[in-house]
Every structure is written in C-alpha cells, then in structure tokens.
**Student:** 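Just passing along the structure, written as structure tokens.
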Amino acid sequence: MSLNTAWMERDLAVLWHPCTQMKDHERLPLIPIRRGEGVWLEDFDGKRYLDAVSSWWVNVFGHANPRINARVREQLENLEHVMLAGFSHAPVIELSERLVSLTPEGLSRVFYADNGSSGIEVALKMSFHYWRNCGQPDKRRFVTLSNSYHGETVAAMSVGDVSLFTETYKPLLLDTLKVPSPDCYLREDGVSWEQHSRAMFAHMEQTLAEHHHEVAAVIVEPLIQGAGGMRMYHPVYLTLLREACDRYGVHLIHDEIAVGFGRTGTMFACEQAGICPDFLVLSKALTGGYLPMAAVLTTDPVYQAFYDDYATLRAFLHSHTYTGNPLACAAALATLDIFEQDNVIEANRALAAHMGRACAHLAEHPHVAEVRQTGMALAIEMVKDKAGKLAFPWQERRGLAVYQHALSRGALLRPLGSVVYLLPPYVIRPDEIDFLAEVASEGIDLATRQSLSISVPAGAPSAFHDPG
Ligand SMILES: *Cc1c(COP(=O)(O)O)cnc(C)c1O
C-alpha cells in the first residue's frame, strides 16, 4: 500500500472534512500532505502540487517561508500565549500599531478575533451595539449584496447569499436587506465595468433611502465576491457607497478577509476607492497563511461610544479565547516585514500582468464566457453556452473535472462551481504561472468536451458548487 493510501484510510476512519460530502471520498482520493515549500505542496508518495489557490486564499509568501518560520520560532521560545483581557504583549501591540498605520487614516483601533467569520460577527455586533449606545436601537438591520459571502457562523451566514452554504439554515438566520450585486459579469455587452457598477448603485441608493432609519450597516466584499465565484466590480461602487452611508447615517463594513494584503493590486481594496470604511475586517493572509487570526479595525467615534463607566454597561464584552495569540501576531509581523522589504505590491504588478497574458487566450474558448482579473486574482467562467452566458447545471460538476485533471498534472486548482481561478501566492514565478495557465486550459478543454448525462433533480440550489 502506498503511504498516501495508508494515511488516507486512517484519516477517513476518524475525520469529517470541511466543505465536503464525505461520500465523495469513496471515489475521490484524499491527498495527505507531508510538507510544503514555497508554492509547492508534497504528498506522502512524493508527488508535488503547485498551490494555485494559496490554500484557500491564505498563503501569500509560500509554505514554510524561512523568514516567517524564524519569527514564529523566536516567539515560541518566549511566549506562546497569554489571555488578552487585563494582559498584553509586545507582538500584539506592534501589530496593532502597524495595522493602524497601514490602513486608511480614520481607522485607529484594532479588535482581534480568531478566524474570519468571528471577525465578521465582531463587526456586526459592534455596529448594532454602537447605535444602541447612541440611543438608536431601531438601527439593527444589515444591508448585503446578492451573491456575497462573509463566513459560516450564523450571523455571518445571514449577511451572505451563496445559497449552497446558507439555504438549509434559513430558519436560523437574521432578517437582512439584500441589494443586487454590481457584479460586472452580468453587464450588457458594450457597457464598461465602471458604467455597470455605477448604474447598479441605484438599487443600493433606493434601499438606503427607504430603510436607513432601521439599518445599522452595509456590509460588502470590496471589488471581488470571492466564494460567490470570483465575481468582480469597479471601485466607483465603493466610493458611491461611502458617500451614501455618510448621507444616511449608516456604517460601512468592508470584509477584506479575502482581498486584503495585496490581492486586488493595492494593499487594501478600499484604497482603490479612496475611502475609509467604519469597520475593516482582515484575516486569511494577515498571518501569511500560518495561523488563524482576524483583526477588526474601527474608528475613534465607534470606540468612544463604548467608552464609559462600567456601571453604564456600554462596554463591548465580546471575547474569543485565543484573541491576539502571540504566535499568530509574530507570523503577521513577519508577513508585514516581507511586504515592506520586498516591495511586494509593486512587484506583483508585473506578475499580475504576466498572469493576464498567460490566460488571455482562454477568452476565445467556445465554453468560456469571460476571463476576468483584478490584481493577483484571475477567474475563468466556464459555461454551457457562450453567447447566452448559460451556466452548466451545477449537478454536472464540471469544475470537479478540472480539479481532478489539475491534480494529475501536479497543480492544486479548486474551482468554485464552473469558475476556474488562479489566486496564487505572490512568490510564484512567471514560468509557474505559465504552467498553471496550461493546466487550466487542458482542464477546461477536458471538462467541457465531455457530454455528461446526469438527471437533474428539481428545486436544487442554483448557486456555485465547490467540487469537494
Ligand atoms: C474566508 C472568508 C470569510 C470567513 O473566514 P473564515 O476564517 O473561513 O471564517 C469571510 N469573508 C470572506 C470574504 C471570506 O473570503
């Protein structure tokens, strides 16, 4: 028996994997990874896979990065953890100072949580609580965009709209106001991203005009709706949204969990709109993909609304046990050092341009409706019918065929439904990008050539399907 198989069998006897129909593993091999180095992962039989999706969008400077390793190791020798209520430590203070100085002026306070979804919960609760502390308890609803994703906990699911993840739990969810997304895939021919995003803002304007008195905040994924299929829009939407939120007295929450730390071409997506949100939620690449941590940055006016004598009971008494973990902070500090020392945002421009050129030819493919890109994220939309942008039925799992082909070629490409995307670590080389483009191209050929006869049950979810 191969080592891979032995580990797989032990795994499948005791584990329950995330985002997975476990029965799929009766035919799909599970891949146990022994080690990682740079953009490569290696399994127990010695086969290597190029990590084209940065291990679910977290890894920016490669696996086992020597500079991050050294910093975490040094921290480990001194302090692994201490509770953050009543206590503090150097890494969390230094990290907070640096996050405040890197993000737009106006964001002056950092609250920590231990994963992205929990960070979203913090922002939602703080916004609601702020209005309560200000004597406006009616402002308790949240405005969200269609096709958005903000995590898996119950309130985070409530403000999300990827039906695959939320449909089952509907009876548990908060009542939100949903506005059509500015998603530019849906624009008419001949209309620019900017024109489309601007036009779609009318829906938001109308919802805010009607409901602002009961709305605490608008929450968005700036520029890229990730889990919803890497759908993209123009920064003008965010500029208009900031102005409207100010006019109507509503908070703006930027969920930059996926797009923060250079993914869109700037350190943070909000920079491209020239705005400052009231809450900025960061996670994923924050620790370079090493350890789970989220940071929620907010403004002095929000902070001051909670600052009072204890007996007034205005404090934000939220806590997660591992808040501000020193090892995670050390990984984050090393990550920020690399951004600074290697001039990463600038260097990524050439890499992003290379990625665009390497994948451009796919736009001509008879089953590709669009190749779109924002910075270091590029997505290829596979469709049944190109002219009508008609999607493949989700039950056909065309993305899964791409995933399996890529594995056979030594690449980890994990499509979202029929959307194949490259979201690589920033330490990828141009020739490795060319390899990924080639593998994606072959995979798309293969996946769209097959005519699959699958009976399609009625009433099934229509949204994106992760291939498992
Ligand atoms: C991944 C993600 C989350 C959730 O983060 P977790 O750490 O998985 O809980 C929230 N919002 C966006 C935009 C994400 O991509």
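The figures here come from the full heavy-atom set of this structure, side chains too, leaving out hydrogens, waters and symmetry mates. One-based numbering, in listed order, for ligands and for the atoms of each.
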**Student:** Would one find more than 12 heavy atoms of other residues, nucleotides or ligands at under 6.0 Å from atom CD of Glu37?
**Tutor:** no

**Student:** Who are the salt bridge (Lys or Arg N to Asp or Glu O under 4.0 Å) partners of Glu346, not counting sequence neighbours?
**Tutor:** Arg349

**Student:** Not counting sequence neighbours, which residues clear side-chain hydrogen bond (donor to acceptor under 3.5 Å, both in side chains) with Tyr112? List them please.
**Tutor:** Ser96

**Student:** Under the ring-ring contact (aromatic ring centres under 6.0 Å, His included) rule, collect the residues that match up with His81, sequence neighbours excluded.
**Tutor:** Tyr322

**Student:** Can you spot which of Val419, Val439, Val420 makes a side-chain contact (heavy atoms from CB on, under 4.5 Å) with Val402?
**Tutor:** Val420

**Student:** Indicate yes or no: does Glu370 engage Lys389 in a salt bridge with an N to O separation below 4.0 Å.
**Tutor:** no

**Student:** At a 4.0 angstrom heavy-atom cut-off, what protein residues surround ligand 1?
**Tutor:** Trp57, Asn115, Gly116, Ser117, Tyr149, His150, Gly151, Glu221, Asp255, Ile257, Ala258, Lys284

